[in-house]
> 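Pasting a structure below so you can have a look.
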Protein chains: 4
Amino acid sequence: MTAETRRPHTGRRRNEAARQAILDVAVDLLGRTDDTPVTIDTIAAAAGVGKQTIYRWWPSKGAVLLEALAGRAGVDVPVPDTGTLEDDLEAFLRATFLAGGHPRTVSALRYTMAEAQRDPHAREHMREFIAGRRRVLRGLLERARDRGETAAGADLDLIVDQAYGVLWYRILTGHADLSEADAVALAGALAGQARG
Amino acid sequence: MTAETRRPHTGRRRNEAARQAILDVAVDLLGRTDDTPVTIDTIAAAAGVGKQTIYRWWPSKGAVLLEALAGRAGVDVPVPDTGTLEDDLEAFLRATFLAGGHPRTVSALRYTMAEAQRDPHAREHMREFIAGRRRVLRGLLERARDRGETAAGADLDLIVDQAYGVLWYRILTGHADLSEADAVALAGALAGQARG
Amino acid sequence: MTAETRRPHTGRRRNEAARQAILDVAVDLLGRTDDTPVTIDTIAAAAGVGKQTIYRWWPSKGAVLLEALAGRAGVDVPVPDTGTLEDDLEAFLRATFLAGGHPRTVSALRYTMAEAQRDPHAREHMREFIAGRRRVLRGLLERARDRGETAAGADLDLIVDQAYGVLWYRILTGHADLSEADAVALAGALAGQARG
Amino acid sequence: MTAETRRPHTGRRRNEAARQAILDVAVDLLGRTDDTPVTIDTIAAAAGVGKQTIYRWWPSKGAVLLEALAGRAGVDVPVPDTGTLEDDLEAFLRATFLAGGHPRTVSALRYTMAEAQRDPHAREHMREFIAGRRRVLRGLLERARDRGETAAGADLDLIVDQAYGVLWYRILTGHADLSEADAVALAGALAGQARG
DNA sequence: CCCTAAACGAGACGGTACGTCCGGTCTTAAT
DNA sequence: ATTAAGACCGGACGTACCGTCTCGTTTAGGG
């Protein structure tokens, strides 16, 4: 994804096209399943940008990657509204597992989570990213609660933890695929937990 | 943890004392919560060993770290045998969360999981480490199944995924602590799930 | 010779101050008669420079050392012009032997000639260095020839070879000093050869 | 030159076969014009010998190489005895230049002279090697002096320096070949110089 | 005749240097 | 003032070699 067309300078104002090119390249590189190195130099070169342009707007490499990741988050996972908790949960987890099972997504998530462990900026961005995803799922659960579908003492946060926990655990260790069947099974189990 | 005493050579056979010194130093460095760098150079220096002695026996830094980690695994988590699934599960998860909540353990697990994402050798070792931990928990569940405590169609592997998924998810994102209360709640939820 | 004062960056152009610092340190280290190691690391450290800055501009250690040596060549040996071949030759060889007999010069020449045997880049630079020194002496001889002081068939190159041959032979083997008396004797002998 | 046949142990006495194998391999490796590394490991492996067997009898790598070189010295350069200085000198220098011009010899001399600059043991051996070669040539000159062929004040040592100086200078810098014509020319010049 | 001491092949070891890679900072010249 | 370009410092990486050390084996020669 090398910048082919000439991108004009914008003088003393921030160049939005450059910013977008950087994030696009970051997304592209993160998704590569070969061993293309994801370095600031390769990003800058591929985006047709100076390294300083990156560091002017982001504090570290991890911050760039996490913002790139966050920008792509949720595009593949619409929030379903079927009317029942189990169906919502199943639809959501199927979509989530489907997206999360794509090789490009796996690669990107693995790399960024690793980066978040060593780069404090990336860690902070990752926390926000995670919090955002959690809010969506928790919203889905709260809707069901408001409909009276959940038991009184149901720990919604713990249910969210289990859903995303399984997802990340499998992505990072690779010990099992994110199969559709497992999405369904997990949805059923978590719906059961919610009902009490 | 510098080697103070003179360590004798062992001729043409591997020097077990050197191997142990390397792993000890690795464990020590992995557990540091300050930003002490975990490098081959620092490991070698602290262990009083030449770098080549490390590379002679391990293919990469990650492999050393994972072996060091694996060597310490399970020391803090005995397998309980109370007679009932829920009590076993609760005891196991309490111990696991307790150990996994210790700053030194968190630091080590975060670093090694990150390393496993970039170093194929570390990844392979991590897979084995993960598989070993899973076997323990799965054995506990199978025992309950053999006692007839679980429903016919209960997916034991998924339950294992949920337990360790929550653990790793919290360790890596840091969005919530590994509290004792959550261990108890999770044990209850999973026991219920197993019973069907 | 550590860089004490802050050296400013020069942006996208080569930093001449850094280049000079590297060569200065190299000259200094080459001249040491103790066993201070002449390493890229020590050069970089003493010059306050990253190793990559050296490898960006020179292909190998030997290339740096040879350039450093060449930069100092000829400073101590002015080309005399007395009007007669023998006097010119004597003055030149006295100065050459004097400079070549200095411990710092001996050390530098020994090290660089050794380096030139194993490093092809250094070898190439050494060839140029040698060629440059030869040109000076040969120029002196040609001037005498133009004055009609030499025999018709005199092989000037072979005379140059003998002069520098004795110099290097003694420097490298250390079997005899570069005494003033020998400079005079050699000048007389070579002048005799030239006259035929 | 790998040791193919089984070499028997000799109990508690030095194994002469091993010693010879080491020197043979050293000579072979020194003569290689490709970039085969001349290391203790390669020598030991090729000679079918443990490294310790080398270090038991020689103090350093350079010492081995120099002894190997010395063992081959003089094999190609018989001392002529034609009856006249110029003819003796010409015959000697022709043979010397011929031998010294062989690629294997050049390679060996270059490597060992370089080694002699960094390894004190090699340096000492080189001094002896050089002294030995000098004695031969000086003997030739003294014979002529005893016949009354040289001038009273002729500096025989300087003549020896000039002869070997040219040889080594060309070998080490490679700026010119050791041609037969130059051997003849040099012999003539030095004979003239001796006659005064 | 056995038993011990030395030499041997093998190769692990501590240490030092190499040349490469990359993160984040800095400066120039162009826009 | 912002940008593309890219040099710079620092520091980790994994490799190569030196010379030392220990093991287990083999043989010579003294008790």
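Below, read A as the first sequence line, B as the second, and so on, with proteins coming before strands; counting in each chain starts at 1. Just so it is clear, the values below take in all heavy atoms, side chains as well, and ignore hydrogens, waters and symmetry mates. The model shown is predicted, which means the values in this text are computed figures rather than measured ones.
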> Measure from CZ on D:R7 to P on F:dT26 and round the result to the nearest Å.
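The distance from CZ of D:R7 to P of F:dT26 comes to 15 Å, rounded to the nearest Å.
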> Could you pull out all residues at least two apart from B:R14 that satisfy salt bridge (Lys or Arg N to Asp or Glu O under 4.0 Å)?
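With sequence neighbours excluded, B:R14 shows a salt bridge (Lys or Arg N to Asp or Glu O under 4.0 Å) to no residue whatsoever.
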> Given atom CH2 of D:W58 and atom C1' of F:dC18, what is their separation to the nearest angstrom?
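It is 17 Å, rounded to the nearest whole Å.
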> Kindly say if D:T53 contacts the phosphate of E:dA7, meaning a side-chain N or O under 4.0 Å from OP1 or OP2.
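It does not, given that no N or O in the side chain of D:T53 lies less than 4.0 Å from OP1 or OP2 of E:dA7.
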> Please list each protein N or O that sits under 3.5 Å from an N or O in nucleotides 29-31 of chain F, with the distance.
| from | atom 1 | to | atom 2 | distance (Å) |
| --- | --- | --- | --- | --- |
| F:dG29 | OP1 | D:R13 | NH1 | 3.1 |

> Taking atom types as modelled and ignoring hydrogens, do the side chains of B:T39 and B:D41 form a donor-acceptor contact shorter than 3.5 angstrom?
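No, because no side-chain N or O of B:T39 sits under 3.5 Å from a partner of the opposite role on B:D41.
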> Nearest whole angstrom, please: distance from the P of F:dG10 to the CG of B:D35.
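So the two atoms are 18 Å apart, to the nearest Å.
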> I'd like to know if B:D24 and B:R72 make a salt bridge, using a cut-off of under 4.0 Å between side-chain N and carboxylate O.
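Salt bridge: yes.
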> What are the two closest heavy atoms between D:A44 and D:G50, and how far apart are they?
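The pair with the smallest heavy-atom distance is CB-C, 4.3 Å.
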> Ignoring hydrogens and geometry, is there a side-chain-to-backbone donor-acceptor pair from D:R7 to D:A47 under 3.5 Å?
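Here the side-chain-to-backbone pair exists.
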> When you match D:G62 and B:H9 each to their closest nucleotide on DNA chain F, which lands nearer the 5' end?
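Of the two residues, D:G62 wins.
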> Please check the phosphate of F:dT27 (OP1 and OP2 only) for any side-chain N or O of D:T10 closer than 4.0 Å.
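Indeed not, no polar side-chain atom of D:T10 lies that close.
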> Rounded to the nearest Å, what distance is computed from the CD1 atom of residue B:I43 to the C1' atom of nucleotide F:dC13?
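Result: 12 Å.
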> Report the distance from atom CD1 of D:I54 to atom P of F:dT20, rounded to the nearest whole Å.
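So the two atoms are 13 Å apart, to the nearest Å.
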> Has the side chain of A:Y111 got a donor or acceptor atom that lies under 3.5 Å from a matching backbone atom of A:L65?
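A pair under 3.5 Å: no.
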> What is the distance, rounded to the nearest whole Å, between atom CZ of D:R56 and atom C1' of F:dC23?
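Result: 13 Å.
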> In whole angstroms, how far is the P atom of F:dT22 from the CD atom of B:E16?
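About 18 Å, once rounded to whole Å.
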> Classify D:W57 by what it touches in the nucleic acid, base, sugar-phosphate, or nothing, heavy-atom distance under 4.0 Å.
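Contact class for D:W57: sugar-phosphate only.
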> Hey, does the side chain of A:E124 reach the backbone of A:P120 with a donor-acceptor pair shorter than 3.5 angstrom?
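Checked: no pair found.
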> Considering all heavy atoms of both residues, which atom of D:L66 and which atom of D:H125 are nearest to each other, and what is their separation?
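So the minimum-distance heavy-atom pair works out to CB-CB, 3.4 Å.
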> May I ask you to evaluate whether A:R118 reaches the phosphate of E:dG23, defined as a side-chain N or O under 4.0 Å from OP1 or OP2?
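A:R118 to E:dG23 OP1/OP2: no side-chain N or O under 4.0 Å.
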> Give the B/S/- string for nucleotides 16-21 of chain E, one per nucleotide from 5' to 3', where a protein heavy atom under 4.0 Å of the base yields B, of only the sugar-phosphate yields S, and otherwise -.
-SSBBB
> Which atoms form the tightest heavy-atom contact between D:Y55 and D:I40, and what is the distance?
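Here D:Y55 and D:I40 meet closest at OH-CG1, 3.2 Å.
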